[in-house]
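Right, one structure below, let's go through it.
First the proteins, then the strands, lettered A, B, ... as listed; each starts at 1.
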There are 2 protein chains.
Amino acid sequence: MSSIWQEEIAAETRAVGRISDRFIVDKVRTAVLTQRLPPGTRLPEVVLGDIFGVSRSVVRKALTRLAADYVVTQQPNQVARVRAPSVEETRETFAARRLVEGEVVALLAGRLDDAQLVTIASLVEREAEAHASGDEPSRIEHSLAIHHLLAERSPNRVLGAMLTDLILRTSIVIALYKRAGLASCYLAEDHPALLTHLRSGKSEAVRCCIHDHLQALENLLDLSTRETRIDLMAILGQREGVAE
Amino acid sequence: MSSIWQEEIAAETRAVGRISDRFIVDKVRTAVLTQRLPPGTRLPEVVLGDIFGVSRSVVRKALTRLAADYVVTQQPNQVARVRAPSVEETRETFAARRLVEGEVVALLAGRLDDAQLVTIASLVEREAEAHASGDEPSRIEHSLAIHHLLAERSPNRVLGAMLTDLILRTSIVIALYKRAGLASCYLAEDHPALLTHLRSGKSEAVRCCIHDHLQALENLLDLSTRETRIDLMAILGQREGVAE
DNA sequence: AACAGGGTTTCTGTATACAAAAGCTCCAAC
DNA sequence: GTTGGAGCTTTTGTATACAGAAACCCTGTT
C-alpha cells in the first residue's frame with residue numbers, strides 16, 4: 001500500500017504511536033493545497049483507512065472535519081470528494097477575506113509589539129529570498145505564515161478564527177485557478193508595504209493595503225468563464241484514488 | 001427514558017422512520033437557544049443515544065457538528081458540554097456580526113425584489129404583534145427569520161453562510177446574558193427602519209442601520225465583569241444531565 | 001450501435017464490542 | 001480537616017460486523 005504520505009505516516013507512528021484524525025485532516029488538507037489531490041478526487045473511507053493504518057471510524061471523523069472546513073464534499077451514501085470551488089465562489093471567498101482581513105489588520109494597526117513586528121519582517125524577508133531562489137513551496141509557506149500570524153494575533157478572536165478559515169479557502173482556490181503560465185503569485189511590494197503600514201498604526205491605511213493586496217492576488221487568477229468545464233470535471237470527473 | 005424531546009422524537013420516528021444526526025443537531029441547538037440546556041450541561045453520548053433511540057455513532061456525528069457550530073465543546077476523553085461563551089467572546093461575536101451583516105445588507109440594499117420585501121415586511125409586522133401579545137418565543141422566531149432571510153439572500157454566499165453562523169452564536173449569548181429583569185430584547189423601531197433603508201437602496205445607510213441595531217442589542221445585555229463567576233460556573237458547575 | 005435491466009461489487013450508515021482514559025468514592029494517614 | 005491513593009464506575013476511542021444504498025459491469029434486446 002504505497003501512498004504519497006508513506007514516510008510521514010511512518011514518522012508519526014514512530015513518534016506518537018497512533019494516527020489521529022487531526023493528522024489525517026492535516027495531511028489531506030496540505031495535499032489539496034499543493035494539488036497532489038486535485039478537485040474531484042474520490043476519498044473512500046476504507047482506502048484512506050488502509051493508507052493511514054486506522055479504521056473507518058477515525059477516517060470518518062477526519063472527513064467530517066474536512067467537510068466543515070470546505071475542503072471536501074460529503075453527500076449521503078456517496079464517496080467524499082475533494083471539493084472544486086466554482087469561479088463564483090472563488091470571487092465571493094476573496095471578497096469575504098478582504099472584508100475580514102481588512103478589519104483584522106485595522107484592529108491590529110499599531111498594536112503589534114516589537115517582537116511580533118520583527119517576526120513578520122523576518123517572514124517577509126525569507127519569502128523574498130525563497131522567491132529569488134525559485135523555491136516556490138517555501139515562498140508560499142512563508143507567505144501563509146504571515147497571514148496566519150495576523151489571524152492568530154487578531155484582537156477579536158472570533159474574526160481571527162474566521163480569517164484562518166478564509167486563508168485556507170483562498171489558498172485552495174489560488175492553487176486551483178492560478179494562471180497556467182504563471183510560476184508564482186508573488187507581489188514583491190505588497191508584504192513589505194503591509195509591514196510598513198502595520199507599524200504606522202493608521203488603521204484605514206492598513207485596511208486599504210490588505211484590500212489592494214488581496215484584490216491584486218485575485219486579479220492574478222484565471223477566472224474567465226471556464227466555470228462550466230471545471231464544474232463538469234468536478235461532477236463527472238473520474239480520477240484514480242489517492243493510492244499511487 | 002423521559003426527555004424534553006419526547007413528542008418530537010415520536011413524531012420524527014413516525015414520519016421518517018429513523019432519527020438522523022441532523023435531527024439531533026437541530027434539537028440540541030434549539031434547546032441551547034431556549035436555555036433548556038444551560039451552559040455546562042453534560043451531554044454524554046450514551047445518554048443522548050438512549051434519548052433519541054440511536055447508537056453512539058450517530059450521536060458522535062451530531063456532537064462533532066455541534067462543536068463545529070460552537071454550540072458544544074468537545075475535549076479528548078471528556079464529555080461534551082454545552083458551551084459557555086465568555087463576556088469577551090460575546091463582545092467579539094457581536095463585533096464580527098456587525099461587520100459581516102453590515103456588508104451583507106449593504107450588498108443587498110436596493111437589490112431585493114418586491115416579493116422578498118413583502119416577506120420581510122410581514123415578518124416585521126408579525127414580530128410586533130407577537131411582542132404586543134407578550135408571546136416572546138414567537139417574537140424571537142420572527143426576528144431570527146428576518147435576519148436568516150437576509151443571510152440566505154446574500155449575493156455573496158460565503159458571507160451569507162458566515163452570517164448564518166454568527167446569527168446562531170449571537171442568539172445563544174443573548175439568551176445567556178440577557179438582563180435578568182428584561183422580559184424581551186425587542187427594539188420596536190429597528191426592524192421597520194431596516195426595511196425602509198433596504199428599500200431605499202442606500203448601501204451605507206443600511207450598513208449603519210444594522211450596525212446601530214446590533215450595537216443597541218449588545219447594549220441590552222448584562223456584560224458587566226461577572227465574567228469570572230460565569231466562567232467558574234461553566235468550568236466547575238455540575239448540573240444534572242439532559243434526562244429529567 | 002445504443003440502451004435497458006439485472007446482478008455483482010463497492011461503499012457508506014449504523015450498531016456493537018472491547019480497550020483505555022478520566023472521574024468518582026471511600027478509606028487511611030498525616 | 002485535608003491530602004493521597006487504590007479501586008470502581010463512567011465515558012470516550014477505536015475496530016469491526018452487517019445491512020442497505022449507489023455505482024458498475026455485463027448481457028440481451030431493439
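At a cut-off of 3.5 Å, with distance as the only test, no side-chain donor of A:R18 or A:T13 sits close to an acceptor on the other residue.
Remark: P of C:dC11 and CZ of A:R81 are 11 Å apart, rounded to the nearest angstrom. Separating the CG atom of A:L63 from the C1' atom of C:dC11 is a distance of 12 Å, rounded to the nearest angstrom.
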Side-chain donor-acceptor distances from residues 141-149 of chain B under 3.5 Å, at least two apart:
unit_1, atom_1, unit_2, atom_2, d
B:H147, ND1, B:R97, NH2, 3.2
B:H147, ND1, B:E101, OE2, 2.6
B:H147, NE2, B:H191, NE2, 3.1

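Under a cut-off of 6.0 angstrom, the local environment of CZ in B:R111 is sparse, with at most 12 non-hydrogen atoms contributed by other residues, nucleotides or ligands. Annotation: B:R22, atom CZ; neighbour count of heavy atoms from other residues, nucleotides and ligands within 6.0 Å does not exceed 12.
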Contacts under 3.5 Å, N or O only, protein and nucleotides 13-15 of chain C:
unit_1, atom_1, unit_2, atom_2, d
C:dG13, OP1, A:N77, N, 3.3
C:dG13, OP2, A:R60, NH1, 2.9
C:dG13, OP2, A:R60, NH2, 3.0
C:dG13, N7, A:R56, NH2, 2.9
C:dG13, O6, A:R56, NH1, 3.0
C:dA15, OP2, B:S55, N, 2.7
C:dA15, OP2, B:S55, OG, 2.8
C:dA15, N7, B:S57, OG, 2.5

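Classification of B:D21 and B:R65 as a salt-bridged pair holds, one side-chain N sitting under 4.0 Å from a carboxylate O.
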